[in-house]
Q: 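Below is a structure I'd like to ask you about.
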Amino acid sequence: MSSEEMNDRQLEEAIESLCRSKAEEFRLVGYEHVTSKDIWNCVSVKYEKEGIPPLYMLVNDILSLKVMTFMNFMTISAYKGSTFD
């Protein structure tokens, strides 16, 4: 394995870090109770049928997540029932 390749644990930690950063960004604009798990659930829901995308697409989805998209997801999730279990 080359030094550029990441093992599964490193990849999981990197994605978790991105989700934490995005959650912090949302908290800075007034959404105080957003967690990294909320961010992950919002981003990953579109891949339930398709499977996990290439890493660059997943990273882009996390980084480009907008507050309005997130809030719509949370509203729909609350209406349909919890998807966070």
Side-chain angles (χ1 to χ4, degrees):
M1 181 164 83
S2 72
S3 62
E4 289 103 28
E5 292 178 345
M6 300 176 83
N7 65 36
D8 289 343
R9 182 70 186 139
Q10 289 170 319
L11 183 57
E12 184 179 309
E13 288 172 358
I15 290 170
E16 172 66 19
S17 179
L18 280 174
C19 289
R20 273 195 314 269
S21 294
K22 183 55 79 167
E24 180 62 27
E25 178 184 320
F26 284 8
R27 287 191 293 269
L28 288 172
V29 295
Y31 297 92
E32 300 168 357
H33 302 290
V34 176
T35 67
S36 60
K37 184 165 178 132
D38 295 333
I39 299 295
W40 173 250
N41 287 332
C42 181
V43 170
S44 65
V45 73
K46 76 182 204 180
Y47 299 115
E48 287 178 352
K49 293 179 183 171
E50 303 167 13
I52 298 297
L55 182 58
Y56 74 91
M57 289 176 68
L58 187 57
V59 168
N60 186 58
D61 286 346
I62 294 168
L63 294 175
S64 65
L65 182 62
K66 304 286 186 233
V67 171
M68 188 59 78
T69 303
F70 177 75
M71 294 311 296
N72 287 340
F73 168 78
M74 295 298 283
T75 301
I76 291 168
S77 295
Y79 179 75
K80 289 182 176 179
S82 176
T83 60
F84 306 136
D85 296 324

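What you are looking at is a predicted structure, and each value in this text was computed from that prediction instead of being measured. Sequential numbering from 1 along the given sequence is applied to the chain's residues.
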Q: Using 0.5 Å steps for rounding, measure from the OG1 atom of T35 to the CH2 atom of W40.
A: 13.5 Å

Q: To check you understand the geometry: which heavy-atom pair defines the closest contact between F70 and V34, and what is its length?
A: CE2-CG2, 3.6 Å

Q: Kindly work out whether a path of hydrophobic side-chain contacts (I/L/V/M/F/W/Y, heavy atoms less than 4.5 Å apart) joins M71 to V29.
A: yes

Q: Once rounded to the nearest 0.5 Å, what's the spacing between atom CD1 of I62 and atom CD1 of I39?
A: 9.0 Å

Q: My understanding is that only residues two or more places apart in sequence, or in another chain, count here; which of them pass side chain to side chain donor-acceptor pair (under 3.5 Å) with Y47?
A: D61

Q: Run the side-chain donor-acceptor check on residues 16-26: report pairs under 3.5 Å with partners two or more places apart or on a different chain.
A:
{"residue": "E16", "atom": "OE2", "partner": "S36", "partner atom": "OG", "Å": "2.8"}
{"residue": "S21", "atom": "OG", "partner": "S17", "partner atom": "O", "Å": "3.1"}
{"residue": "K22", "atom": "NZ", "partner": "E25", "partner atom": "OE1", "Å": "3.3"}
{"residue": "K22", "atom": "NZ", "partner": "E25", "partner atom": "OE2", "Å": "3.3"}
{"residue": "K22", "atom": "NZ", "partner": "L63", "partner atom": "O", "Å": "2.9"}
{"residue": "K22", "atom": "NZ", "partner": "L65", "partner atom": "O", "Å": "3.2"}
{"residue": "E24", "atom": "OE1", "partner": "R27", "partner atom": "NE", "Å": "3.3"}
{"residue": "E24", "atom": "OE1", "partner": "R27", "partner atom": "NH2", "Å": "2.9"}

Q: Any side chain to side chain donor-acceptor pair (under 3.5 Å) involving residues 63-76? Give me the pairs, sequence neighbours left out, ordered by first then second residue.
A: none

Q: Side-chain atoms of residues 49-58: list all donor-acceptor pairs with protein atoms under 3.5 Å, sequence neighbours left out, distances to 0.1 Å.
A:
none

Q: Can you tell if the side chain of D8 reaches within under 4.5 Å of the side chain of E12, non-hydrogen atoms only?
A: no

